[in-house]
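Please read the structure below before turning to the comments.
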Amino acid sequence: MYKFSIQLVILVFAILATSRLAGQEPNPNIVVILADDLGYGDIRPNNPESAIPTPAFDRLANEGVNFLDAHSGSSVCTPTRYGLLCGKYCWRTRLKRGVLGGYSEPLIDKNQPTIASILKSVGYRTACIGKWHLGLGWQWKQGKPDYLQKRGFAGKANDIDYSKPVTDGPLQHGFDECFIIPASLDMSPYVYVKNENVSQIPQREIAGSKFPVFFRKGEISTDFTHIQCLSHLKDQANAFIEKESKTDNPFFLYFPMPAPHKPVVPMDRFRGKTPMGSYGDFVAQVDWTVGEVLKTIDQCGIADETLVIVTSDNGSFMKRLTPDAKDHIDDDSIQGYRGSNHQANGTLRGTKADIWEAGHRVPFLVRWPSQDRVGQNCSATICLTDILATVADAARISFESKASPDSFSFLADAFQNRERNYQKRPPVIHHSSGGMFAIRDGKWKLVLGNGSGGREAPKGKPFQKPFHLSNLESDLGESINFADQYHDVAVQMTAEFFNISKGDHETYNTKIPPKQNQ
C-alpha cells in the first residue's frame with residue numbers, strides 16, 4: 001500500500017535519536033528470544049500444574065513482568081516473524097496464508113524498516129542468530145525453479161549454487177551479522193548461513209523422518225545435525241553477547257530458537273528429565289537454553305542495562321483438551337504425554353494454526369532490572385508486532401512511521417515508572433494459517449468466519465457466517481457464541497476490523513514521544 005525509502009526512514013530515526021537531551025542514561029542492550037511452537041501452558045508461570053519444570057521462565061517471571069494476554073501476529077511461523085521484525089501484520093504483504101519454506105524467495109521488502117535497521121541507525125550492533133524463515137536470496141544454477149511458486153517447501157539437489165552468497169537475508173535488513181538456519185528445523189536445506197554464505201556446502205541428501213522426529217528430505221551439510229542445532233545456535237548467541245559486552249556500544253540480539261517445533265529432538269542430557277516424554281524433554285531444553293543466555297548476560301555484568309523479551313511465535317502443536325484425548329501424538333516414544341495432566345496450551349481452545357486462543361496466545365516475559373519492577377503480572381492485551389515500537393521506546397527513538405502501522409509500545413504497561421503519554425493500543429487483529437481473521441477489543445473477541453481457519457474441525461471459511469463472538473472474561477475457552485445476544489457488539493467490531501485492515505490508522509496515534517531523563 002505504501003512506498004517508502006528505507007534510507008529516508010532510517011535517516012529520520014537517526015536525526016531524532018541524536019536530538020535527545022544530554023545526560024540521559026545509556027541505551028539498553030536488547031535481547032529478544034523467540035521460541036518456536038512453545039505453548040502458553042508449557043511454562044509454569046502460566047500453568048502451575050505443568051509437568052515440565054521451567055526454572056528459567058520461573059526466574060524471568062520473578063525478576064520481571066509476565067504478560068498474560070500476549071498474542072503472536074499469526075498462529076504460524078513466518079507471518080509472526082515478519083510482524084515482530086517489521087511492526088506490521090504479515091497479511092498486509094503478499095503472504096496471506098501459510099508459511100514459507102527453506103527455498104522460498106525473500107518476504108521482507110527492501111524498503112521496509114525493521115527493528116534491526118532502526119536500532120542500527122542509532123549506533124546499535126545488531127545480530128540475528130537462529131531460525132530465519134523469511135526467505136533468502138539464493139542464487140540458482142539455472143534460474144529460479146518452478147517449485148518456488150509453491151512457497152519452496154521442497155527443493156531438488158544441486159539447484160542452488162551454494163558457492164555464491166545469498167543476496168537477500170538478515171544483512172540486507174539491518175543486521176550487522178547473522179548465523180541462521182533458513183527455515184524450520186524440519187525444512188531443507190539443512191545448512192547454516194553465516195552472514196551471507198553457507199558454513200559448509202551440502203554434499204548429500206538426507207531421507208525424511210516420521211513424527212515425532214519429523215523432518216522433510218533434502219540437502220544437508222556435514223556440520224549440521226538436527227539434535228545439535230539448538231545447542232549450536234545457543235553457543236553462537238552467547239558468543240555474540242560476550243563479544244559485544246566488551247564494547248561501548250549497545251547491542252541488539254534477535255535469537256529465534258528452532259524449538260520445541262518438530263523434529264522433537266532433545267539432546268541426550270535432557271532425555272528423561274520430565275514425565276512427558278520427548279516433547280516435555282525438548283521444552284526443558286528450551287528452558288535451559290533461555291537460562292544459559294540469562295547466565296551469560298549475568299556473567300558479562302550487563303544484566304541491569306539489558307532489556308530481555310522472551311516469547312513464542314504461536315501456540316503448541318501438541319493439542320490437549322482432555323488428559324486421555326488422542327491428538328498429534330502417534331509415537332511410542334512420547335507415550336508419557338498421554339494420560340497426564342499437562343496441557344501444552346493450557347485450557348485454551350484449539351491448537352497451533354487456529355484462530356482460537358491456543359493458536360496465538362503465547363508466553364511473553366519481559367525483564368529490565370534497572371526499571372525496578374519485578375514479579376508482576378500484566379493483563380494488557382499486546383501483540384508481537386508491538387516489540388518494534390517498544391524497543392524503539394526503550395532506546396528513546398521517536399518515530400511516526402506508516403511503514404510499521406501495527407506496532408504500539410507496551411513499555412508503560414510493563415514498567416510503571418514509564419509515563420504513558422501516547423494513546424493506548426487499538427484492537428489486536430488475529431490471523432490463522434488458513435487466512436481466518438479475528439479482532440480482539442477488551443473482553444470481546446470476534447472471529448470473522450465459521451471455524452478455526454487452521455486444524456481444529458470445523459476449519460470453516462473466512463467471512464462466512466455465523467461469526468463467533470467470545471467474552472474472554474467469562475469464557476476463556478471460547479465455548480459460547482455471544483454474537484446473537486450482543487449483535488451490536490459484533491457489528492461494531494466488524495466495522496472496526498475493516499477500518500484497521502484497510503490501513504486507516506489516522507485515528508490512532510502511533511507516535512512514540514521522546515522520553516525525558518528519569
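Not measured: the values here are computed from a predicted model.
Using modelled atom types, no side-chain atom of Thr126 and backbone atom of Lys120 make a donor-acceptor pair closer than 3.5 Å. Proximity of a side-chain donor or acceptor of Ser184 to a complementary backbone N or O of Asp186 within less than 3.5 Å is not detected. For the pair Ser72 (side chain) and Asp313 (backbone), a donor-acceptor distance under 3.5 Å is present. A donor-acceptor pair under 3.5 Å is formed between the side chain of Thr54 and the backbone N or O of Arg44. In this structure, Glu63 contributes its side chain and Arg367 its backbone to no donor-acceptor pair below 3.5 Å. Without hydrogens or angle criteria, His133 side chain to Leu100 main chain gives a donor-acceptor distance under 3.5 Å. Under a 3.5 Å cut-off, the side chain of Asn46 and the backbone N or O of Gly41 do not form any donor-acceptor pair. No donor-acceptor pair closer than 3.5 Å links the side chain of Ser74 to the backbone N or O of Thr80. In this structure a side-chain-to-backbone donor-acceptor pair under 3.5 Å is missing from Asn66 to Ala61. Judged by distance alone, with hydrogens and angles left aside, the side-chain atoms of Asn195 form no donor-acceptor pair with the main-chain N or O of Glu177 at under 3.5 Å.
In the model, Asp223 has a side-chain atom that pairs as donor or acceptor with a side-chain atom of Ser221 under 3.5 Å. For Asp69 and Thr381, the side-chain atoms include at least one donor-acceptor pair closer than 3.5 Å. Looking at Gln236 and Tyr192, their side chains never bring a donor and an acceptor atom within 3.5 Å of each other. Side-chain contact annotation: Lys217 with Ser188, donor-acceptor N/O pair under 3.5 Å absent. Under the 3.5 Å distance criterion, with hydrogens and angles disregarded, a donor-acceptor pair is assigned to the side chains of Asn238 and Thr296. For the residue pair Gln172/Glu196, the side-chain donor-acceptor check at 3.5 Å is satisfied. Side chains of Asn314 and Ser75: a donor-acceptor N/O pair is absent below 3.5 angstrom, by distance only.
Taking the six-membered ring where the residue is Trp, Phe224 and His226 present perpendicular rings, their angle passing 60° and hence far from 30°. Relative orientation of the Phe364 and Phe410 rings is perpendicular, given thresholds of 30° and 60° on the angle between their planes.
Look at Lys243 and Asp176 and you find no salt bridge, because none of the NZ, NE, NH1 or NH2 atoms lies under 4.0 Å from a carboxylate O. Under the 4.0 Å criterion applied to side-chain N and carboxylate O atoms, Asp413 and Arg425 are not assigned as salt-bridge partners.
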Between Val31 and Phe251, does the side-chain contact (heavy atoms from CB on, under 4.5 Å) criterion hold? Intermediate values first, please.
CA-CA 8 Å; Val31 176; Phe251 65 83; 3.9 Å; yes
Report the C-alpha separation of Thr274 and Val283 in whole Å, then their side-chain angles, then the decisive distance to 0.1 Å, and conclude whether the side-chain contact (heavy atoms from CB on, under 4.5 Å) test is met.
CA-CA 9 Å; Thr274 76; Val283 172; over 6 Å; no
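Residues Val166 and Trp138 have side chains in contact (heavy-atom distance under 4.5 Å, counting atoms from C-beta outward).
The one candidate from Leu119, Leu85, Leu253 that meets the side chain to side chain contact (heavy atoms under 4.5 Å, CB included) condition with Phe175 is Leu85.
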